[in-house]
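Scroll down for the structure; my scribbles are underneath it.
Letters A, B, ... mirror the listed sequences (proteins, then strands); counts begin at 1.
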Amino acid sequence: MDYQFKDIEQKWQKFWAENQTFKAEDKSTKPKYYVMDMFPYPSGAGLHVGHPLGYIASDIFARYKRLKGFNVLHPMGYDSFGLPAEQYAIQTGQHPAITTEANIATYRRQLDQIGFSFDWSREVRTSSPDFYKWTQWIFMQLFNSWYNKDADKAESIEKLVSHFEQNGSAGINAVCDDDILSFTADEWKGMSNQAQQEELLKYRLTYLRESTVNWCPALGTVLANDEVKDGFSERGGYPVEQKKMMQWSMRITAYADRLLKGLDTIDWPEPLKEMQRNWIGKSVGASVRFKLENSSDFIEVFTTRADTIFGATFLVLAPEHELVPLLTTDAQKADIDAYVAQAKKKSELERMAEAKTVSGAFTGSYAINPVNGEKIPVWIADYVLAGYGTGAVMAVPSGDQRDYLFAKRFELPIIQIIDIQKIETEADPTKEGKYINSDFINGLNYKEATAAVIAKLEEIGAGKAKINFRMRDAIFGRQRYWGEPVPVYFKDGLPYLIDEKDLPLVLPEVDKYLPTEDGEPPLARAKGWNYKPHTPPVAPSKSPPAGETLAAEAGSNFSEDEKLPDYLTGAYRETADAYIYEQLRDFSRENRKNPTHAENILWQLLRGSQIGHKIRRQHAIDAYIGDFVSLQKGLVIELDGHHHKLNKEADDIRTGVLNHFGFTVIRFSNDEVLENPQKVASVIKQKLDEMPERDLSKLSDTFPKRAVQVSPTGGDLEGASDDVEYSYELSTMPGWAGSSWYWFRYMDAHNDKEFASREAIGYWKDVDLYIGGSEHATGHLLYSRFWNKFLKDLGLVIEEEPFKKLINQGMIQGRSNFVYRLMDDEGRPINTFVSHGLIKQYKTSPLHVDVNIVDNEVLNVNKFKQWRPEYADAEFILENGKYICGVEVEKMSKSKYNVVNPDDLIDRVGADTLRMYEMFLGPLEQSKPWNTNGIEGVFKFLRKFWRLFHDADWNFKVSDAEPTKAELKSLHKIIRKVEEDIERFSFNTSVSSFMIAVNELTDLKSNNRAILSDMVIILSPYAPHICEELWVLLGNKPGSLSHTPYPQFNPDYLVEDEFAYPVSINGKTKLNLNISLSLEGADVEAFVLGSADVQKYLEGKTPKKVIVVKGRIVNIVV
RNA sequence: GCCUAGGUGGUGGAACUGGUAGACACGCAGGACUUAAAAUCCUGUUCGCCUUAAAGCGAGUGCGGGUUCGAUUCCCGCCCUAGGUACCA
C-alpha cells in the first residue's frame, strides 16, 4: 500500500491513548527528565498553525529523551481562567465555565491529531477547584509569611510575632511597608488584636495596600503594568486611567536581589534575561540627605553618582513631592501652584511627548550641600518622577544632560568636577579622569572618589550607600469574576484567612458577570456568599488566653474593669444569646486586653462614668462586638481602622442588625481620635445627653431570644453559628496566579492532601526544559520564579529556580495575500482585478484574499469566484496567463484571511508532515511568517521514506543481508547528526539531514532491515505515526518503539581512507585532489606540489609557503 | 537614546571551535512518462562575462576598513531590520 497517512495516524493516536504509552512513571530507576510547554489559554478561536510550533519541538525532545533512556514527564494543561471567557460571558450570559469547557474540548481534539506524547493523566486546569484549592493554599502561605533580610529568606509570621513578644520591633530587618511602628515587647503585648493584625499586615508577603492602579473603566478591572500599552489596555485597546484602590499586593520586591542573581544560574535566552534585569532595575548608589536652610527638615535624594556631589548646584523635586508645599515661599507660591497644577493635568503620554522641553519652577527655598555647606536652590520639575527613588534628585549639570539643560534654561551654575570633562555644549558623564573643584576627593579617580564620598556621608550622618530597585510590588487582584477567589474574609475591616479546612473556596454563582451598580466586583452579586468561621476569628499567632495573668502582664490601665462578669447573668446576658455570647466572650476579652492605640486613648476619656454615662468596652450584641457601648441609652460607638473602608457592605449589615436591636451606631475614625480625643469624647457625651434613657428591665423581653439547646452534636448550634458571617474578599486573583506554580501540580496532579507530595517533588525537582513564547518575559516567568523561591524558603520544594533551560519559540506571523481591484476614474471600484505585476499601470485598491485559495502567490481564479457571491462574475487582467497576488507579513488573524488552520493541513498531508514541516521552516527561536509553500517537499520525503520499505508494487519488502559500508555510513552520519541537532535544538537542520539520508539510501537502493530499523527509531520523534507503523511492519511489538534504545553511534563507519582536499592558491579554491588520509602534512604538500594540475595553476612560480590542514584544506601562497 | 538579537540566491534557510559559501527544500526553466491532466522521475538553477560545447575568467554573505596563508565566522567604524525599554537620577 502507498503511504496512507490518515489511517496510520488515526490508528496510532488511538493506540497511544488506549495504552497510555506516554504515562510518566512516578518511581523509576531511570534518570528523570521534565519537558514542559507553556500551557495555553483555551481561546474560542482554537489553534492556528503557529501555536503547535513549540509543542512540536518539546514533543520531539521528549520522545528523543525517552529513546535515550530517561523517565520523561511531558504534561499538558490549560490556563483556563481569564478575560476572554468572561467578556464572552458578559455579552452572552453564558457561564465562563461552559465556554471554557467547550474550548478545551476543541483544543484537545486539535492537539490529539498532531500526535503529541503528552501524559494526559496529569492534565491540569487552573479553573478547576482541585487545582485552585492549592493556588489559594499558596496564597495563604504567603499571607502567613514575612521576609527576613538577615536570613535572606521568607519566614513564618509566627516567628515574627514571637520576636515582637520577646524583643518588640527592635532587631527586625524585614522587607515591609514604610510606615511600620517601632515598639517594645510590652507595647506589643499591650496592643489590641486589631492593632497587632494591622501591624502584621505591613510585613506579610501578600498584603493589602492602597495603591495607584491602572484602572480600565471599560473592562471594569485593574490591569497589570504589562497589560497596559501607552495608556490603553493591551486587550481591547480601552483607555486606562490611574486610580487609587485598596488592592492585594505580593511583596515580590523582597526577592528582587535573588531574582536578579538567579538569572546567572539558568540557561535562558539572553534577551529574556536582559528584560528581567531591566524590569528589576537594580541601581547601586547612595541616598543623601540635604538639610534645609531654615528648618530641621531635610530632602533625601538617591544618586548613582555620589562622586559628583561637589558638582551639585541645585536640587529638583517631583511636583508631587510631599515637601513642596512646605518649601514654597510666599513669593514663589503663585509660580509653584501654577506649575503643579499644570503638571497634574498632563497625562503620562504628554509628559513623554514633551520630554525635550525643559520646564520647572523655583520654590524659593534653599538646602545645604552636606559635603561643603554650600547653599543651593530647590526647584521642582516634572522630569523628576515621584515614583522612582525618593522623588528628588541632586542636580549635577556637568554630568547629567537633563540637569545641564535645566541649568542652562534657568541660568543655574554648572561646575566642572573632572579634569577631562568637556562641558561647553552638553553634559559629560565621564568616569575617567581625576576630580577637581571637589575638596577632599580632588585628584582621586572614580572608584576612590565614590568610596570616599560615601564614607564621609556616613561619618557625618548625611547619607549612606543604597541600592534602589525599579521593580514594584505586584498587584494581586482583579475586579473580575472568572478567577480564583481570594481565601480571605473581613472582620472589623481587617483581612483574615479562612480555615484551611474550608479550601477550596469555590467560585460562587452570580446572576451577571458585571460589576454591581456601585462599582463592586461581580462577586458582590453572589447571594449569601459569606464566611462562617469554625471559631471566631482570632489571629492564629495569638498566645492562648491565660486569664488574669496575661491581663496583669499587659500592665496598663485596665485593672478595674477586667474582672469579667459571670456571662450568664447581668446585662451581658441581656444582649446576646448564650451560644453566641459563649463564642464571642473570649474574643471580646481578647480585644479588651489588646486595644488599638486609638481605642486605648478614647477609653481613658470614657471609662467609668467620666462623661456622666456608663460605658462598656468590647460589648457583645448579637453576633457583633461593639467597641464602646452604652446600654442605658442604646448607643454603640465604633472606631474604624484604615482598612475599614474596604468593607462598607459588612458595616452596613452590622449597623442594620444593631439598629434592629434598638441601638444607634456612631462611628469615628482612628485618625479623628488620635488627632483630637477630647473632641471625640465631647461629641459622644453630647450625643448621650440628647438620647432618652432606655428601660433596661424590659430589654430582655424585647430582645429576641433564641431557644438554645446546648447539645454536643450540634444541631441548633450550627444554625446559631450561621449568624456569625463575614464578607469574603470580593476581588479574584489575577491571571498569573495559577500559572505561577502549575509545574509542581503536574508532578502529582491528583493529590488532595498537598499541592504535590514531597516524594514527587523530590523526584522531579524542577523543569529541565521549558518551551514557550517570550511575551511572558516579565510576567509569568518572573512571578513563577518568585513563587518557586518562596516555596523553597518554606522548605516545600528543592530547587531555587523552576526552569533550568528555557527556549522561546519564535512567533509565527501571518502572510497575507492581496488582490487589486480596479477603480474607475471617479475612484469607484469595478469588478475587475489586476495581477500584482501590473498594478502600477492602473488605479487599484488592494483587498485581502483568503490565503487558502492562493498557491505560490498564484490566485485560483475559479475558487476566487466562488469565494464571495459578488466576485462570481469578476474579470481579471492577467500576466503570463496567471493572476499573481501581492504579499505582506501581518499578524495572523481572521479579518486578514491569512489564518492557516492545522486541521486543514493534517487533512491534506497528515500530522507527521505538519510536524516535520513546522520544524523545517527555520530555527525554532526565530520569528517567521507562515508559508505553506514547501510543505510538499516534506510530504514527498515521507513518501520516499515509506517507499524504502516497499517494492514497486507497494508490498512491504526488506532484505536481511549484511549492511554495506555505504549504508552504514549514511546511517551513522544521521545518528550522530540528529543527536547533535536535538541537543542544541536545531530541529530544522536535522530534518534536512533526514532528507539527505533518505536520498542516499534511495540512491543505494537500500532496503536493509538493520539499517531501516535504526532509521525508524531515529526518525520517530519527528514523525511518530509513520515510524510506529513501519516498526510493526518490521516485526516489532506494537507500541514498543517509544521506549526502545536510541541507536549507538559508531565513528568507525565514518572513517575515510581518502579525502578530496580542496587546493587553493592565495585563498582561492582551484581544484580538488584525492589524497590518502594516512599521509601527514609534509607528504601531502609534496603530493600536491607534484601534481601536474597544480603546477599548471602555479604557472612556473615558486610557492612562498604551503599550508596543510590535515583532512581539511591545502593552501598555496605565491 | 539605551539594551538584546539579527542582516547570506527569486524564497525559507545551511555552513559545528576561522578552512571548498549557498547544504536541504520551495519556486522557476527544460526534459521523460501520459490522449491529456494529476502524480512520479531526470537535468539545470548565486550573479556577471566568455564559449558551439567542454572548460574558463571575474564578483559575491548589509557598507567601509583591519587581523590572517585563508574571514559569513574575529576586531574597529557605520547603515539597516526586529524585539525590549526609558526623563530611572
Side-chain angles (χ1 to χ4, degrees), chain A residues 2 269-279 281-283 285 301-305 308 312 316 318 351-352 354-358 381-385 387-396 399-403 405-406 429 468-470 774-775 777-778 808 810-811 813 855-858 887 917 920-923 925-938 940-941 943-944 947 977 980-981 984 986 988-999 1060-1072 1103-1109 1111-1118:
Chain A
D2 196 353
E270 197 49 46
L272 204 139
K273 287 196 198 181
E274 200 56 34
M275 276 162 78
Q276 292 212 346
R277 283 189 196 107
N278 276 332
W279 187 263
K282 180 177 182 173
S283 22
V301 305
F302 175 76
T303 177
T304 52
R305 291 294 300 273
T308 64
V316 190
R351 267 201 187 194
M352 262 151 68
E354 290 173 23
K356 296 291 168 283
T357 61
V358 181
D382 62 8
Y383 80 81
V384 177
L385 304 176
Y388 182 76
T390 60
V393 302
M394 65 177 210
V396 183
D400 183 285
Q401 185 61 16
R402 291 158 306 173
D403 297 345
L405 292 173
F406 196 84
N468 214 28
F469 290 97
R470 195 173 79 90
S774 60
E775 65 272 21
T778 51
N808 287 131
M811 277 259 289
Q813 293 136 303
D855 186 26
N856 269 313
E857 325 322 344
V858 179
V887 184
Y917 183 62
F920 187 56
L921 224 44
E925 306 202 30
Q926 195 171 302
S927 285
K928 55 230 156 192
W930 177 265
N931 190 345
T932 310
N933 302 342
I935 200 165
E936 295 297 326
V938 175
K940 275 192 231 168
F941 156 75
R943 286 189 54 158
K944 218 167 167 180
R947 193 138 14 113
K977 175 74 173 155
E980 282 172 0
D981 285 352
R984 65 192 172 102
S986 176
N988 54 328
T989 52
S990 42
V991 176
S992 299
S993 310
F994 278 123
M995 290 174 172
I996 295 168
V998 167
N999 288 345
Y1061 279 91
V1063 178
S1064 55
I1065 294 168
N1066 290 339
K1068 294 279 171 203
T1069 311
K1070 298 293 176 187
L1071 73 164
N1072 285 345
K1104 281 190 196 136
K1105 195 174 171 189
V1106 179
I1107 290 114
V1108 177
V1109 183
R1112 285 243 188 236
I1113 199 167
V1114 178
N1115 189 19
I1116 301 166
V1117 189
V1118 273

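Looking at the side chain of A:Asn1115, the nearest of the listed nucleotides B:A23, B:C69, B:C88 is B:C69. Of all nucleotides listed (B:A89, B:G19, B:G84), B:G84 comes nearest to the side chain of A:Met275. With distances taken from any side-chain atom of A:Ile996 to the nucleotides B:A23, B:C87, B:U4, the minimum falls on B:A23.
Straight-line distance between the C1' atoms of B:G48 and B:G9: roughly 14 Å, to the nearest whole Å. Comparing the P positions of B:G22 and B:C76 gives an interatomic distance of 29 Å, to the nearest angstrom. Nucleotides B:U52 and B:U35, compared at atom C1', are 37 Å apart to the nearest Å. Here the separation of B:C74 from B:U4, taken at their P atoms, is 16 Å to the nearest Å. The gap from the P atom of B:U11 to that of B:C47 amounts to 11 Å, rounded to the nearest Å. Comparing the C1' positions of B:C78 and B:G83 gives a spacing of 22 Å, expressed to the nearest Å. Here the separation of B:A82 from B:U73, taken at their P atoms, is 24 Å to the nearest Å.
Of all nucleotides present, only B:A25 satisfies the Watson-Crick or G-U wobble test against B:U11, with each distance under 3.5 Å. Remark: B:G77 base-pairs with B:C63. Criterion, Watson-Crick or G-U wobble with two distances under 3.5 Å.
Among the atoms of the strands shown, only primed sugar atoms or phosphate atoms (P, OP1, OP2) are found under 4.0 Å from some heavy atom of A:Val1117. Nucleic acid contact class of A:Asn988 (heavy atoms, under 4.0 Å, all strands): sugar-phosphate only. Here A:Pro923 lies in heavy-atom contact (under 4.0 Å) with sugar-phosphate atoms only. Using a 4.0 Å heavy-atom criterion, one finds that A:Arg277 contacts no nucleic acid atom at all. At the heavy-atom level, A:Pro271 lies under 4.0 Å from the strands shown only through sugar-phosphate atoms. Within the nucleic acid shown, A:Tyr1061 has no heavy atom closer than 4.0 Å to any nucleic acid atom. Across all strands shown, A:Asp403 has no heavy atoms under 4.0 Å from either base or sugar-phosphate atoms.
Side chain of A:Arg1112 to backbone of A:Pro1062: no donor-acceptor contact under 3.5 angstrom is found. Judged by distance alone, with hydrogens and angles left aside, the side-chain atoms of A:Tyr1061 form a donor-acceptor pair with the main-chain N or O of A:Gly1111 at under 3.5 Å.
Of all the heavy atoms in A:Asn988 and A:Pro923, the pair that sits closest is ND2-N, 3.6 Å.
The line from CG of A:Asp400 to OG1 of A:Thr308 is 9.0 Å long, rounded to the nearest 0.5 Å.
No donor-acceptor contact under 3.5 Å links the side chain of A:Asn933 to the base of B:C26.
Per the geometry, NZ belonging to A:Lys273 stands 12 Å off P belonging to B:A5, to the nearest Å. Atom-to-atom, CD of A:Glu980 to P of B:C16 comes out at 11 Å; the value is rounded to the nearest Å. Rounded to whole Å, atom P of B:C69 lies 19 Å from atom CZ of A:Arg1112.
Aromatic rings of A:Phe469 and A:Trp279 (six-membered ring for Trp) have centroids beyond the 6.0 Å cut-off, not under it.
At the phosphate of B:G12, neither OP1 nor OP2 sits under 4.0 Å from any side-chain N or O atom of A:Lys928. Distances shorter than 4.0 Å separate none of the side-chain N or O atoms of A:Gln926 from OP1 or OP2 on B:G6. Residue A:Arg402 has a polar side-chain atom (N or O) positioned under 4.0 Å from OP1 or OP2 of B:C88.
Glycosidic conformation, B:G9: syn, with the torsion inside 90° of 0.
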Legend entry - Under 4.0 Å protein heavy-atom contacts per nucleotide of nucleotides 36-41 of chain B, with B for base, S for backbone only and - for none: ----S-

